[in-house]
Amino acid sequence: MDFRRQLQLFIRDWERASEQGISVNRYIERLVQRDAGENGRAFVEAAADFMKQYESVFVEEFGREHEGPR
């Protein structure tokens, strides 16, 4: 990301933080926490898709007795 874009994003974040009456650091911290939650859900969904795609490989390796409920 170039410097101009970074500056635009910082100014936008500063304006939004000011509107909410909080510091830029606190505003960015909230964004990070929200993104972490969204990324966490995306990771779980991707892992579930992976497990479904490779179910036969896992069954062959570990056996059906290690299967969870469906």
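- How far CD1 of Ile11 is from CG of Leu7: 4.0 Å, rounded to the nearest 0.5 Å.
- When every heavy atom of Ala17 is checked against every heavy atom of Ser23, the shortest pair comes out as CB-O, 3.7 Å.
- Using a cutoff of 4.0 Å between basic side-chain nitrogens and carboxylate oxygens, Glu19 and Arg16 are not scored as salt-bridged.
- Annotation for Arg12: atom CZ counts as buried by contact number, over 12 foreign heavy atoms lying within 6.0 Å.
- The only member of Glu29, Gln33, Arg34 that meets side-chain contact (heavy atoms from CB on, under 4.5 Å) when paired with Leu31 is Arg34.
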Practice problem: Would you please test Arg30 and Ile22 for side-chain contact (heavy atoms from CB on, under 4.5 Å) and show each step? | Solution: CA-CA 11 Å; Arg30 288 180 180 175; Ile22 59 176; 3.6 Å; yes

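- Here CD1 of Ile28 is found 13.0 Å from CH2 of Trp14. Values are rounded to the nearest 0.5 Å.
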